[in-house]
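Everything numeric in this text was worked out from a predicted model, so none of it was measured. Below, chain A is the first sequence line, B the second, and so on; all start at residue 1.
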Number of protein chains: 2
Amino acid sequence: MTSEDPACTQYSRLPSAAACGPFSHAVSRVARLHRIAAGRLLRAIGLYPGQEFLMMHLWDAGATRQSELIKLLELDPSTVTKMLQRLEQAGYVRRSPDPKDRRASLVESTEDGFVLHERVKAAWSELEEQTLTGLDPAEQAELARLLGKVEANLCRTAGDEAGCGK
Amino acid sequence: MTSEDPACTQYSRLPSAAACGPFSHAVSRVARLHRIAAGRLLRAIGLYPGQEFLMMHLWDAGATRQSELIKLLELDPSTVTKMLQRLEQAGYVRRSPDPKDRRASLVESTEDGFVLHERVKAAWSELEEQTLTGLDPAEQAELARLLGKVEANLCRTAGDEAGCGK
DNA sequence: AAGATTACCTTGGTCGGCCAATTAATGCGT
DNA sequence: ACGCATTAATTGGCCGACCAAGGTAATCTT
């Protein structure tokens, strides 16, 4: 293990990226690391990053219309379709046609799916702890506040074209 | 300032995700929105999100060994390979065998690639502005500091297994 | 010098995510 | 009632990103 390039936190010799948009750069890096951490934790319980959100909604709300999931997760319809196909094949999810609307389909967690609930909660707690280690409550609150502002910013600029605003 | 969260984030009726890991959830959302914003800006100039980092390094440092790019970008080797294949086919990048090491290959930006430089810088400035709108300098500094801590956290937990800490 | 190890890159597979275009069902307007 | 727009979901294509395996070249070991 050579410690040649502590690539994680060296802003010393960053490329133009840092000069152009240090925050965007930081956000990208944190996002990637966070995703990796989530992926590692979720893999152990048989899910891929992204799927846990969908399952959480299902655990939370029971049978849900697919279009509702799309709105809730703010994802592309095709993304949800494929995710559901995989989750269904994995046995964590069941889809049935909505009797009220024959073009819609209702999604719900299977028994196997519910089994994951506790493990996913544990994994997320672990992830949360990994993320926030060393941040005192005041810092956490400030981070939450600032992330909220950034999210609102990005959401607004994204919203004028495609549906972010629920 | 409280949970008046406009449109995008209704923390009021969030699923278990928020209860389990509000920060992880926020990070995921910000990451996704940020990526979307970047994608929208980059698309207009012929790049996909992620490629701009690679090009920036090339513009910055000239001909670079592929393995160096992998270390710099902290990406999987196969990711870089495929990205380069696409960038090469798009005409933005040129690869040549390294005379010093016949298994390595040197990557450099083409003329067409350099043309993108200014536009990418502009796009990133725009992205940075979109991200940080409404944050005063003190908030920006605090956000940078906190993101740095989070990054270090995630980097550390990622490092004990695979290649973040090099 | 021959063999084992490591480094560099590629291929093939999987997933999340997007867009564009399609089909099917519902609803609305006249 | 009929036609037309809207909504629900799917398919196919593309890209970023990961892992697992593989092949070749350089280097270290013996």
Q. Are A/Leu33 and A/Leu135 co-members of a hydrophobic cluster defined by side-chain heavy atoms under 4.5 Å apart?
A.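 Both belong to a single hydrophobic cluster.
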Q: Say whether B/Leu147 and A/Leu146 are linked into one hydrophobic cluster, either directly or through other cluster members, by side-chain heavy-atom distances under 4.5 angstrom.
A: yes
Q) Is it the case that A/Gln66 and A/Thr81 place a side-chain donor and acceptor less than 3.5 Å from each other? A)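 Side-chain D/A pair, A/Gln66 to A/Thr81: present.
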Q. For B/Lys149 and A/Gly134, which heavy atoms make the closest approach, and how far apart are they?
A.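 Here B/Lys149 and A/Gly134 meet closest at NZ-O, 3.0 Å.
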Q | Shortest non-hydrogen contact between B/Phe114 and B/Ser109, atoms and distance | A |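 Where B/Phe114 meets B/Ser109 most closely, the heavy atoms are N-OG, 3.3 Å.
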Tell me: [atom1] of [X] to [atom2] of [N], nearest whole Å?
X	N	atom1	atom2	answer
A/Asp98	D/dT7	CG	P	17 Å
B/His34	C/dC18	NE2	C1'	17 Å
B/Arg29	C/dG17	CZ	P	13 Å
A/Arg32	D/dG16	CZ	C1'	11 Å

(Q) At 10 degrees resolution, what angle do the end axes of the helix from C/dA1-D/dT30 to C/dT30-D/dA1 form when each is taken over five base pairs? (A)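 Rounded to the nearest 10 degrees, the bend comes out at 10°.
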Q) Which letters describe nucleotides 7-16 of chain C, given B = protein heavy atom under 4.0 Å from base, S = only from sugar-phosphate, - = neither? A) BSSBBBB-SS
Q: Check the pair A/Arg103 / A/Asp101 against salt bridge (Lys or Arg N to Asp or Glu O under 4.0 Å), numbers first and verdict last.
A: CA-CA 6 Å; A/Arg103 65 210 151 135; A/Asp101 188 337; 2.9 Å; yes
Sequence neighbours left out, cut at 3.5 Å: what donor-acceptor pairs do the side chains of residues 41-52 of chain B make with other protein atoms?
residue: B/Gln51; atom: OE1; partner: B/Tyr48; partner atom: N; Å: 2.9
residue: B/Glu52; atom: OE1; partner: B/Gly50; partner atom: N; Å: 2.7

Q. Between B/Glu88 and B/Arg95, does a salt bridge (Lys or Arg N to Asp or Glu O under 4.0 Å) hold up when you go through it step by step?
A. CA-CA 8 Å; B/Glu88 189 174 29; B/Arg95 282 191 292 177; 3.0 Å; yes
